Participant: 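Structure in structure tokens, see below.
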Amino acid sequence: MPIDKIFKDDASEEKGERARMASFVGAMAISDLVKSTLGPKGMDKILQSTGRGHAVTVTNDGATILKSLHIDNPAAKVLVDISKVQDDEVGDGTTSVVVLAGELLREAEKLVASKIHPMTIIAGYRMASECARNALLKRVIDNKENAEKFRSDLLKIAMTTLCSKILSQDKEHFAEMAVDAVFRLKGSTNLEAIQIIKKPGGSLKDSFLDEGFILDKKIGIGQPKRIENAKILVANTAMDTDKVKIYGARVRVDSMTKVAEIEGAEKEKMKDKVKKIIAHGINCFVNRQLIYNFPEELFADAGILAIEHADFEGIESLGLVTGGEIASTFDNPESVKLGHCKLIEEIMIGEDKLIHFSGCEMGQACSIVLRGASHHVLDEAERSLHDALCVLSQTVNDTRVLLGGGWPEMVMAKEVDELARKTAGKKSHAIEAFSRALVAIPTTIADNAGLDSAELVAQLRAEHHNDGCNAGIDVISGSVGDMEERGIYEAFKVKQAVLLSATEASEMILRVDEIITCAPRRREDRM
Amino acid sequence: MAAVAAPMASKPRGSKAESFVDNKRREDIRFANINSARAVSDAVRTSLGPKGMDKMISTANGEVIITNDGATILNKMEVLQPAAKMLVELSKSQDSAAGDGTTTVVVIAGALLKECQSLLTNGIHPTVISDSLHKACGKAIDILTAMAVPVELTDRDSLVKSASTSLNSKVVSQYSTLLAPLAVDAVLSVIDPEKPEIVDLRDIKIVKKLGGTVDDTHTVKGLVFDKKVSRAAGGPTRVENAKIAVIQFQISPPKTDIEQSIVVSDYTQMDRILKEERNYILGMIKKIKATGCNVLLIQKSILRDAVTDLSLHYLAKAKIMVIKDVERDEIEFITKTLNCLPIANIEHFRAEKLGHADLVEEASLGDGKILKITGIKDMGRTTSVLVRGSNQLVLDEAERSLHDALCVVRCLVSKRFLIAGGGAPEIELSRQLGAWAKVLHGMEGYCVKSFAEALEVIPYTLAENAGLNPIAIVTELRNKHAQGEINAGINVRKGQITNILEENVVQPLLVSTSAITLATECVRMIMKIDDIVTVR
């Protein structure tokens, strides 16, 4: 009898055909799930949390949907991962990458069924993806030299990204806003300097870009509400009492007056601390922790604006934009770097009072205030705007752009098809399959818009037979149109990342011929 | 996971056939969403309008609420279906945006969804419907704005009229003649001349006190607390020419942050300690007395007692009135009203930080007592309203209704236009949009027509709730509007169609516009959803 047990109990093993089948099916299910969100007329999904409160999220963002799924299938997890990486790297195209990988696997499944070895398929896919990338490179538009034209490119990219999102109705407004914000960054991709504040009420059109920094906090009672030429000390220190941090420290006294003295001493200590802080020559003090009534009053007496309980992110970005450093000791006023700004004032947005810092040291900083009907709308708007900002900041560095609306896919498919014809051997089947997978993206876009995809894609393919054609699917009018005229642009970097990571992911899944599920780790029985 | 598994199993090869299977399922989800959202809207439909009915809600913890306020009803309903939840959210947003019309917005959304359902069955793509709704909504806002009548803040009559329209549909409608002017005066009194566009309703404090009837509700020029004077030791309960201090420290034996204990080794020391405690407190009270202060408002402290029996005794001797346990978040409102500064330490107790008032007195009302501070010198822009009611349910509902009325006035302050009520704007919108739909091409025209029809739900429901024949009323209304009487509306009291502007049934433009925009936005969101995914 052969060895019957290699694995532990509960561990399972799936081999060959079955393993491959499992990973294909898993990956395709994931890609079908997000498929309908693709394109300007893609649909949204409700994410219903099973956790406490059954929170509801409505979203169109592929990465957000995939991130929150329960997934047990290893191949599906690979797809979720590539979507996440795409989100981190370029911010947009998170749905496209999953759909493309899903289509590649669907084609691969057919090839495997017709007895082509997975390694041959992989080799074909590699050649095809290289060829597709070169095809794109040939057709990129680069307006780096011409600042004005570049700006309009960026605007168009932002609009293309936003038009598939909730912001589509006000896309011009938001595109302007996003481009302005990204230009302020001056080439850095540090999106932290762009602060997004969400305030319910009003409509999306009321959202605006504000230079400077907005802190969602209140000014202490009895303190000045407006300061010009502010010197800001950003601190993270306890403004209640400096507790003695020795466990069980205890004072024994023999009379009530001594207790009063200790209390007095504690107050005195706090007073000293406040004095030291005031000695920095500041007129605004922002603390991450609470400021108790007593020091608050002291600050008010000294005419200093004190803001308590600013959250950690608020403190960090405030330090960043005003050029100050976060201090926690106050003995050496010389070594502490203070932040500066021209004006601090209280402003009202909707019903809430916020503190506005303008004329900050770091000119890059700006805040985008989003207004909208409900939290669902605001959250989704933030996600969409974040996508747009990511893409724009990447495009500022890599200025190459492409046309959108399924144009890049058709260009690639055409080149790949030609390659397939030239290639001898079984690989050519794989290359052909790759081209079919590429065409699936415009097909999906058309399908989602409720258009006749078969007809449109056939038209598109015919148009692309001519060299230098700019045809793509115009979803709004439901026909094939010139993408350059319609102003539908996409960033080269996004498309490249979609192509490469989708190919890589499908390659990885194709290589699998065995799935071993490990036995779950047992909890020690403590009952 | 089941959601993902289902389409997987039944999936044939080939992209054509597959998309068909998927579509089937997605259609189902969309219909399920629409149906549950409509169920929510039907639940509140009967409470619309002046003759709308109230709902009794019994919450999980046995509390009973009787209300007519859509937002409150939906809030307590605890729905689980995500699309139904969105309708609840919708009502909440209307509450925060306009404060009134929380039922209207849900009813409109329900009617729109019903129309969308038939559009979907006709095979129109959801995104097309969504886009057309957006267009129709924009047009509707234009029409409403054209219908609106500008109003000045000095025109108190119009303000009162619109506040009473809002109050007329509430439980407390018989008191609308009292509450409406009250709400108007309260809002007008807190407007800051420097920022005339913005009203912060937090500057209006509503104090509820059981007893009496709603008739006894009144504004207090000054400050009202639902707090008792601490007079365990027989301190004063009425002080004229009061000098008021808001303190954030405690008049009790010292307590340090570091752990301490007093060691007593023999009984003579005990005497000494007691004496010291007395002296310590006496010292504090002397300092307070020295500034001339005779009323103390003490902030609540969780760390130690605000006052002890001993300190109360001394304070009573010094003829100082004490009110303890003032919440920390009320401090700002109080200091603003009294025009004083909070004092956090006995060392900073100075005369210039005190507030001045002619009279501070404890008044007994019903079974409880309240504290009134009147005749405040240099009073800040705040107002207090004392709401009375014969039972807790009426009291709560009165507060909610008053809040709605305040919001209505606030809407008028920020957007100074009035519009007719009684279903007149909706029927006019329906008529004009219907005409506009005929000019449009293709699917769009069809969708806009449905939008126009959906808006008729408001006059229809108004008539229905008032026990009139809805079909007869709506057709007559349509007829009147077609003849150019754009202000013809349903007069629920007389049960006929009249010029509603003359009947003084008016509401702020903002309430109508925000109801239509928010309802459309919500419906569009529901239309765009094609799947519900269960996640972590």
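Below, all heavy atoms of this structure are taken into account, side chains as well, without hydrogens, waters or symmetry copies. Model, not experiment: these values are computed from the prediction. Sequence lines set the chain letters: A, B, ... in the order given, protein chains first and strands last, and positions in each chain run from 1.
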Participant: Less than 4.5 Å to any heavy atom of chain A: does that hold for the side chain of Leu274(B), its backbone, both, or neither?
Facilitator: neither
Participant: Hey, mind stepping through Asp530(B) and Lys45(A) against side chain to side chain contact (heavy atoms under 4.5 Å, CB included) and telling me if it holds?
Facilitator: CA-CA 6 Å; Asp530(B) 71 341; Lys45(A) 306 253 178 235; 3.1 Å; yes
Participant: Only one of Ile529(B), Asp531(B), Thr127(B) passes side-chain contact (heavy atoms from CB on, under 4.5 Å) with Met43(A); say which it is.
Facilitator: Thr127(B)
Participant: Heavy atoms only: give me the nearest Ile46(A)-Ala83(B) pair and the separation to one decimal.
Facilitator: CD1-N, 4.3 Å
Participant: Which atom pair, heavy atoms only, marks the closest approach of Gln48(A) to Pro82(B)?
Facilitator: NE2-CD, 3.5 Å
Participant: Look at Arg524(B), Met527(B), Lys275(B) and state which one has the largest set of heavy-atom pairs under 4.5 Å with chain A.
Facilitator: Arg524(B)
Participant: Among Thr517(B), Ile343(B), Asn33(B), who wins on heavy-atom pairs under 4.5 Å with chain A?
Facilitator: Ile343(B)
Participant: Would you indicate whether Lys135(B), at its atom NZ, is surrounded by more than 12 heavy atoms from other residues, nucleotides or ligands within a distance under 6.0 Å?
Facilitator: no
